[in-house]
Each structure stands twice: as C-alpha cells, then as structure tokens.
Amino acid sequence: MITVTRPYFPERENFDRYVDSIFEGRWLTNHGPLEQELTRRLETYLGVENLLLVSNGTLALQIAYRALGIAQMPGQYESAEVITTPFTFIATASSLKWEGMQPVFTDIDPDTLCLDPARIESAITPRTRAIVPVHVFGNACDVEAIDALGEAHDLKVIYDGAHAFGVTYRGNSLLSHGDASTLSFHATKLFHSIEGGAIIFKRKEDLERARKLINFGITGPECIEELGINAKMNEFQAAMGLCVLDEIEGNLESRALVWHAYAQALRGNVQLQTRQTGASLNYAYFPIILESESMLLEVMQRLQQEGYLARRYFCPSLESLSFLGRPAAELQDEDVITPQIVHSTDIASRILCLPLYSGLEVSEILGAVRIIVNRHVKAA
Ligand code: T4K
C-alpha cells in the first residue's frame, strides 16, 4: 500500500553516532546537549530567533497560549474567545478548548484554504483575546492583513505553522510573523523528531517565560516560580531531529519531484490549492479538490483498489464538532457571534491529500494520476 505519508528514516549510521553520544554523556532529557544543538541548528536553518523545542506540536500551541497570557488561568472567566480556522487538524482548535478558551471559527478563503482575513473583523468581540490562523498544507496565510488586524485590535496572533517547516515569505521565514508561530515535528511531517515541536517567539521575554512553563515552572533547585507543565524534548527526539535535518535537502528534492509531477499532470483536471504569491513551497502535502463528495468517495475507493491510501485531510470541518462548541449558558448571551461557515464545510467534503513522501518515485504515482484524470474526463 502506498500511504498518504511515510516517516523519513535517516541513515542508520548517522543516528547511531548521535545515540552513542547520548550513551557516553549519560544525559537523556531536561535541556540536554543534543536538544541545545538542535535548537541552534534549527534557528540557523529556518532563519529565526527565539526558538523553543517542545515535546509535540499540540503542546507547542498550548505553551504559546500560556506564555503570551491568553490561555485561561484557574479562576478566570470561562469564555475568552480566540478566532481560528475550521479547516485544520483537530489539535489547532482542541488545544484552545483544552486550555479553557472558546474557539470561534471564521471561514476560509476557498482558493488558498487559509483563514480569510476579511471575515475576521466582524467576529471580534470584547471577549476576543487572540487569532490563531493555520498555514494549511504549508501555504502562507495573508500574514500582512492578519498581523495588522491583531495590532489594530490589540489581539495576540499565534500562527499554527505545523505544516510550514522551512517556508519563506518574501525572502524571510514565514514563521517570523505574529507574536508566535508553532511547528509540529511529528513522525509524519517533512521534518520530524519522532514526536516533537517548536515555538518561535517574536520577543525574547516570551521565550524565557515559555522555557520556564515547559519545565513545571521551575527556575532553580528550590525555586518553583509559577504554574507549569512538562513539555520538554528529550535527547532521543533531538537525535532524530538532528539526523533528519542533516539530510533535509535530499528529502526536499525527492518530495519536489513527486509534487511537481502531480501538479503538472493534474492542473486543469482538478482544483488545486492556490499558493500565496511570494511564499516558497515545502512540498509537505498535495491536496486536490474534487467536484463533489460522491466523486471524492469514488476516486478514493478506486485509489485504494489500486494500492493508494489517500486521506481526507481535513474532514470534518471543525465547526461541526459539538464538543468544541460553546457551553449552553453562553448560547443565550446576546453578545455571542456565530459566524457562518460555508467554504470550509464545502471544501472539507471534497478534498483529498495524495501520497507524498521522500523516497516515493514518480513512476509509483502514475497509477493514481491516471485514476484521477480518467474520472475527471468521464465527469466532463
Ligand atoms: N496543528 C496542525 C495544523 C497539525 O496538522 C497537527 C498535526 C498539529 C497541530 C499537532 O501536532 P502534533 O501534536 O501531532 O505534533 C497525523 C499526525 O499524527 C499529526 O501530527 C498531523 N498534524 C496530522 C495532519 O496527521 P493522522 O491521524 O493522520 O496519522 P496516522 O497515524 O493516520 O498516519 C498517517 C499515515 O502515515 C498512515 O497512513 C501511515 C503513515 N505512518 C504513520 C506513522 C505514525 C507510517 O507509515 N509510520 C508511522 O510511524 O495524524
């Protein structure tokens, strides 16, 4: 079976060298030497400052909310609101709810699939604390418009950049926008550390606060300064991250071949995500948008019969999940605004991500391309 993704496995000898250094140094976690080395190397590779490694991309979001002071602290009013996109992986919104905030979904742009800045302003209320947009499938959000909205309304902006590893926008790292940007280094991502993630802060003082929060709020042997949690990256995760980073260029080249082969064969046959002008490609995902859900189901089944496991990233559209909704008491509140979601629901019902990973050969995807093109020709 050719799955939607496959984790990148670096050269075993390279990994062994890093593991040998862990055994020699007898240091396993709590800000070890490999975690420090990976921090430095990622800052250089990504062209960013104030990067903090954490144990996964979901905790990266949660820690960012806390460090920036928007997450609920015990005893605070329940219904702080955060504007976010319904077209994303569940963790973007569930991390908000988990931290006691109310995700308020506003619609996406049906072409870029990112949060539509034109719809954000009317959803802002006195309870709004922040905006959490997602660079979905590595496509840059309209960062200028969103950053400006954040500034005008005194709202924090945290970009969920889980898919945006290495993406540049107008020559600089896309991840340097907002008050913070987060990354996921899950095994299925183009850059990974088995499980892992990072936060890139605009300000050094936010980084320092977050560094404390990921280590239980501890600042010294007998000093626990504030409420914290454990969100540290361990040395084995960092070792994998270093090896994967050592080989990142080959990984990207291999993905690029398949990405461009799909694009060339499918453009004009199915709708593709419109990429933001000025943003680079990182070849993380290849989504296609079919004409209807029934066509999607038919294509998916045919692909599966031929050995391709495409995935419905991201379905369902998150506004449909009742457990992310408002508590009943708040629903009676006149100030509550429930924006209409049209595009995200529609796109979520018709979008399919095709297999894409390093090592996948162009010759291996031709069968999938044929199935999709044939179905399109039949429908036309
Ligand atoms: N924000 C956004 C926008 C995100 O997309 C994500 C995660 C997050 C936040 C949270 O970050 P983390 O806390 O996860 O770091 C996967 C990943 O688990 C998840 O990290 C990712 N987004 C999401 C888009 O995809 P699933 O449920 O699709 O994973 P799974 O287990 O079905 O794997 C997909 C395919 O990969 C399988 O068909 C086979 C292959 N696979 C997977 C694993 C784990 C392998 O071949 N080997 C493996 O070890 O969620």
Side-chain angles (χ1 to χ4, degrees), residues 1-10 52-65 82 84-99 103 105 108 112-115 131-141 158-165 167 174-175 178 180-200 214 229-234 236-237 240-241 244 255 273 282 284-287 300 303-304 307-318 324 344 348 351-360 368:
M1 210 44 134
I2 296 183
T3 48
V4 67
T5 185
R6 197 174 72 180
Y8 184 83
F9 275 79
L52 182 70
L53 290 171
V54 292
S55 38
N56 62 58
T58 307
L59 276 162
L61 288 163
Q62 290 173 242
I63 296 294
Y65 308 149
V82 175
T84 189
T85 169
F87 186 71
T88 180
F89 187 63
I90 180 66
T92 313
S94 61
S95 58
L96 288 166
K97 194 79 181 170
W98 192 268
E99 290 293 342
F105 298 110
I108 55 167
T112 66
L113 313 184
C114 294
L115 206 51
I131 310 170
V132 178
V134 178
H135 301 303
V136 73
F137 305 132
N139 197 19
C141 293
I158 297 132
Y159 288 100
D160 181 342
H163 306 167
F165 185 83
V167 176
L174 177 62
L175 304 166
S181 293
T182 63
L183 284 163
S184 162
F185 301 154
H186 184 261
T188 54
K189 297 292 190 297
L190 88 93
F191 169 81
H192 77 89
S193 55
I194 309 172
E195 292 269 2
I199 316 166
I200 292 139
I214 66 167
I229 192 79
N230 181 1
K232 291 167 278 126
M233 176 177 276
N234 71 50
F236 278 85
Q237 288 175 288
M240 180 60 92
V244 176
R255 284 169 169 274
Q273 182 184 32
N282 70 353
Y285 294 86
F286 199 91
M300 232 180 129
L303 288 172
Q304 194 158 352
Y308 299 101
L309 210 59
R311 280 288 288 272
R312 296 185 73 176
Y313 294 138
F314 291 100
C315 183
S317 182
L318 298 183
L324 293 177
S344 177
I351 195 162
L352 198 57
C353 277
L354 301 180
L356 176 59
Y357 48 83
S358 175
L360 183 63

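Counting starts at 1 for both ligands and their atoms, following the listed order.
The ring-ring contact (aromatic ring centres under 6.0 Å, His included) search around Phe105 returns none, not counting sequence neighbours. Tyr285 pairs by the ring-ring contact (aromatic ring centres under 6.0 Å, His included) definition with Phe137, His163, not counting sequence neighbours.
Taking every heavy atom of Thr88 and a limit of under 4.0 angstrom, the matching atoms of ligand 1 come to 3 (C). Every atom of ligand 1 is numbered from 1 in the order shown, and the set under 4.0 Å from a heavy atom of Asn56 is 13 (O), 15 (O). Close approach of ligand 1 to Ala91 (heavy-atom distance below 4.0 Å) involves ligand atoms 8 (C), 9 (C), 10 (C). Those atoms of ligand 1 with a heavy atom of Ser184 less than 4.0 angstrom away are 11 (O), 12 (P), 15 (O). Residue-ligand proximity, Thr92 to ligand 1, at heavy-atom distances under 4.0 Å covers atoms 1 (N), 3 (C). Listed by number with element, the atoms of ligand 1 under 4.0 Å from a non-hydrogen atom of Tyr313 are 25 (O), 26 (P), 28 (O), 34 (C). Short contacts between ligand 1 and Gly57, defined as distances under 4.0 Å to a heavy atom of the residue, involve ligand atoms 11 (O), 12 (P), 13 (O), 15 (O).
The environment of CD1 in Ile229 is sparse: at most 12 heavy-atom neighbours from other residues, nucleotides or ligands sit within 6.0 Å.
For atom 31 (O) of ligand 1, no protein heavy-atom neighbour is present inside the 4.0 Å cut-off.
Close to ligand 1: Arg311, with a non-hydrogen atom less than 4.0 angstrom away.
Of all non-hydrogen atoms in Leu324 and Ala93, the two that sit nearest each other are CD1-CB, 3.9 Å. Minimum interatomic distance between Ala348 and Ser317 (heavy atoms only, all atoms of both residues): CB-N, 3.8 Å.
Under the 3.5 Å distance criterion, with hydrogens and angles disregarded, a donor-acceptor pair is assigned to the side chains of Thr188 and His186.
Each of Val136, Ile158, Val132, Leu318 was scored for a side chain to side chain contact (heavy atoms under 4.5 Å, CB included) with Thr92, with one residue passing: Val132. The one candidate from Leu59, Asn234, Asn56 that meets the side chain to side chain contact (heavy atoms under 4.5 Å, CB included) condition with Glu195 is Asn56.
Remark: minimum distance from atom 5 (O) of ligand 1 to any protein heavy atom is reached at His163 NE2, 2.7 Å. Nearest non-hydrogen protein atom to atom 9 (C) of ligand 1 is Asp160 OD2, 3.5 Å. The protein heavy-atom contact nearest to atom 33 (O) of ligand 1 is Thr188 CG2, 3.9 Å. Of the protein's heavy atoms, Thr58 OG1, 3.4 Å lies nearest to atom 10 (C) of ligand 1. Scanning the protein for heavy atoms near atom 46 (O) of ligand 1, the closest one is Pro7 CD, 3.3 Å. Of the protein's non-hydrogen atoms, the one nearest atom 2 (C) of ligand 1 is Ala162 CB, 3.4 Å. Distance from atom 18 (O) of ligand 1 to its nearest protein heavy atom, with residue and atom name: His186 CE1, 3.1 Å. The closest protein non-hydrogen atom to atom 35 (C) of ligand 1 is Thr5 CG2, 3.7 Å.
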Practice item. Start with the C-alpha distance between Leu190 and Arg255, add both sets of side-chain angles, then the distance that settles side chain to side chain contact (heavy atoms under 4.5 Å, CB included), and finish with yes or no. Key: CA-CA 9 Å; Leu190 88 93; Arg255 284 169 169 274; 3.6 Å; yes
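Looking at Tyr357, Phe314, Phe89, it is Phe89 that brings a heavy atom closest to atom 50 (O) of ligand 1. When His135, Lys189, Met1 are ranked by how near their heavy atoms come to atom 19 (C) of ligand 1, first place goes to Lys189.
Using cut-offs of 30° and 60° for the angle between ring planes, the Phe185 and Phe165 rings count as perpendicular.
Taking the six-membered ring wherever Trp is involved, the centroid distance between the rings of His192 and Tyr8 does not fall below 6.0 Å.
Contacts between Ala187 and ligand 1, counted as non-hydrogen atom pairs separated by less than 4.0 Å, are absent for every part of the residue.
Within the 4.5 Å cutoff, side-chain heavy atoms of Tyr65 are placed close to those of Leu96.
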